[in-house]
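For reference, the structure discussed in these notes is given below.
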Amino acid sequence: MTLTLATWNINSVRLREDLVQKLLREEGPDVLCLQECKSPVDKIPTEGFAALGYSHMVARGQKGYNGVAILSRLPLEDAGHRDFVGKGDARHVAARLEDGTVIHNVYIPAGGDVADRTVNDKFGHKLDFLTEMRDWFMAERPTRSILVGDLNIAPREDDVWSHKQLLKVVSHTPIEVAHLDDAQQAGGWVDVTRADIPDGQLYSWWSYRAKDWSAADKGRRLDHIWATPDLASGAGDSRVLRDARGWDRPSDHAPVFASFDL
DNA sequence: ATGGTTGACGATCAA
């Protein structure tokens, strides 16, 4: 079968229930991974999603911040979660499809404003989160697995609107990129999006603060789809649904898609 | 160098 999958930082699943439904109706991925749900699990508006055929969900949530959910029209089994850096944050959840494929949904900390852990604890938290990911994947050696989410890092020069102007800006600093590369290599993860779309500028996030986000186009590719090589070899159809950034009362992130032969 | 916007929650804090 072919699995179609999308990942989207929704920035409040309750406020944007209608946009999630619009995406499910118009694009119809088999699986949709959401980050920044900003909701306890029992307050996620699942009824409308189920009515559209998405009757399966695994999620972790907390009041006000963070929160990750995997919506699916295919049966899912809860495959657990990891409490990165021991803070009790709802930043990871995993699900298993009936064929054994594992999907990890991750929301890496944004990291605050200053790219220096000696003066900014949030930046230290982000680096520690990435180090724990590296060590976990080194031990785990995942196979038949997909990892998606808002990784809050744009690793390549063509993942940002200006490599030079963002070198000291959190999300594109060399130390963050090195930590992300280490975590990716430790798990043997393939960047499916860039394997599919190797050339050219590609973004999935545009700040709310720009007065005309599309014309200015000062974007960053913060949202990623990775897979282990056994699944990456059958991956395709990668794209960013840029239109969604222009929907009414949008998230500041656009959904990223890929498909997999399972 | 600064400010610009959004969401949850109810004070600001996080992004």
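Every chain is numbered from 1, with letters handed out A, B, ... down the list of sequences. As the structure is a computational prediction, the values presented were derived from the model and not from experiment.
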Requested in this report: To the nearest Å, give me how far apart CD (Glu36(A)) and P (dA8(B)) are.
Outcome: 10 Å
Query raised in the report: Would you say dA15(B) has OP1 or OP2 under 4.0 Å from some side-chain N or O of Arg91(A)?
Result: yes
List every contact pair, protein side and nucleotides 9-13 of chain B side both N or O, where the distance is under 3.5 Å.
| from | atom 1 | to | atom 2 | distance (Å) |
| --- | --- | --- | --- | --- |
| dC9(B) | OP1 | Gly64(A) | N | 3.4 |

**Report entry** Interatomic distance, Asp212(A) CG vs dT5(B) P [rounded to whole Å]
**Finding:** 14 Å
Query - Which residues share a salt bridge (Lys or Arg N to Asp or Glu O under 4.0 Å) with Arg194(A), sequence neighbours left out - result: Asp158(A), Asp159(A)
Query raised in the report: Atom CZ of Arg209(A) and atom C1' of dG4(B): how far apart are they, to the nearest Å?
Result: 6 Å
Query raised in the report: Checking Lys22(A) against Trp247(A): charged group under 6.0 Å from the ring centre and within 45 degrees of the axis?
Result: yes
Query raised in the report: Is the charged tip of Arg239(A) near the ring of Phe257(A): under 6.0 Å from the six-membered ring centre and within 45° of its axis?
Result: yes
Requested in this report: Write down the distance between CZ (Arg249(A)) and C1' (dT6(B)), rounded to a whole number of angstrom.
Outcome: 9 Å
Query raised in the report: So do the side chains of Arg144(A) and Leu231(A) get within less than 4.5 Å of each other, counting heavy atoms only?
Result: yes
Query raised in the report: Which residue pairs pass the ring-ring contact (aromatic ring centres under 6.0 Å, His included) test when at least one of the two sits in residues 40-76 of chain A, sequence neighbours left out?
Result: none
**Report entry** Parallel, tilted or perpendicular: rings of His92(A) and His104(A) (30°, 60°)
**Finding:** parallel
Query raised in the report: Separation of Trp206(A) atom CH2 from dA15(B) atom C1', in whole Å?
Result: 17 Å
Requested in this report: Kindly write out the residues that satisfy side-chain hydrogen bond (donor to acceptor under 3.5 Å, both in side chains) with Glu47(A), not counting sequence neighbours, or none if the list is empty.
Outcome: none
Query - Residues within residues 148-159 of chain A bordering DNA chain B, heavy-atom distance below 4.0 Å - result: none
Query raised in the report: What residues, two or more places apart in sequence or in another chain, satisfy salt bridge (Lys or Arg N to Asp or Glu O under 4.0 Å) together with Glu132(A)?
Result: Arg82(A)
